[in-house]
Amino acid sequence: PGYTGIGLVLNQLACLFWAGCYEAMDHRQTDLPARPVILACTVSALAYLVDYHVVPRRLTPGFELVFPRRSFPFLYAGLAVSLLGGLELRRWLSPQ
């Protein structure tokens with residue numbers, strides 16, 4: 001409970017960082033319509049690698065304290081889906 005606020009802020013900053021990485025990638029229409037999906041999955045996989053294989057253990061998100069490791073693919077798939085959702089929402093809201 002004592003770390004909830006700090007954890008929330010750090011998680012939001014991490015999400016904004018990964019969203020920025022995703023947005024920085026080229027989403028222009030190419031001959032590959034699935035490009036945004038591939039990019040979202042790539043960023044999500046990279047986030048997992050950084051979270052659990054690059055940063056020191058004390059700086060990991062701590063998902064393993066709440067969820068079993070077998071649920072990690074679903075957690076990071078959620079990141080990929082939200083990256084795609086943000087992209088689609090931006091396209092929907094932007095004037096044509």
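Annotation: the span from S44 atom OG to Y22 atom OH amounts to 11.5 Å, rounded to 0.5 Å. Here the straight-line distance linking atom SG of C21 with atom CG of L16 works out to 11.0 Å at 0.5 Å rounding.
The heavy-atom pair separating H53 from Y48 by the smallest distance is NE2-OH, 3.3 Å. In terms of heavy atoms, Y76 sits closest to P61 at OH-CG, 4.1 Å. When every heavy atom of L84 is checked against every heavy atom of V37, the shortest pair comes out as CD2-N, 3.8 Å. Taking every heavy atom of both residues into account, L83 and W18 meet most closely at CD2-O, 4.1 Å. Scanning all heavy atoms of the two residues, the minimum distance from Y52 to G62 falls at OH-N, 3.5 Å. Shown here for L79 and A47, the closest heavy-atom pair between the two residues is CD2-CB, 3.8 Å.
Looking only at side-chain heavy atoms (C-beta outward), F72 and E64 come within less than 4.5 Å of each other.
Without hydrogens or angle criteria, S82 side chain to G78 main chain gives a donor-acceptor distance under 3.5 Å.
Both F17 and L59 are assigned to one and the same hydrophobic cluster, defined by single-linkage of ILVMFWY side chains at heavy-atom distances under 4.5 Å. Residues L46 and V81 do not share a hydrophobic cluster, clusters being chains of Ile/Leu/Val/Met/Phe/Trp/Tyr side chains in contact below 4.5 Å.
Within 6.0 Å of the CZ atom in R69, the count of heavy atoms belonging to other residues, nucleotides or ligands exceeds 12.
Ring pair F67/F74: centre-to-centre distance not below 6.0 Å.
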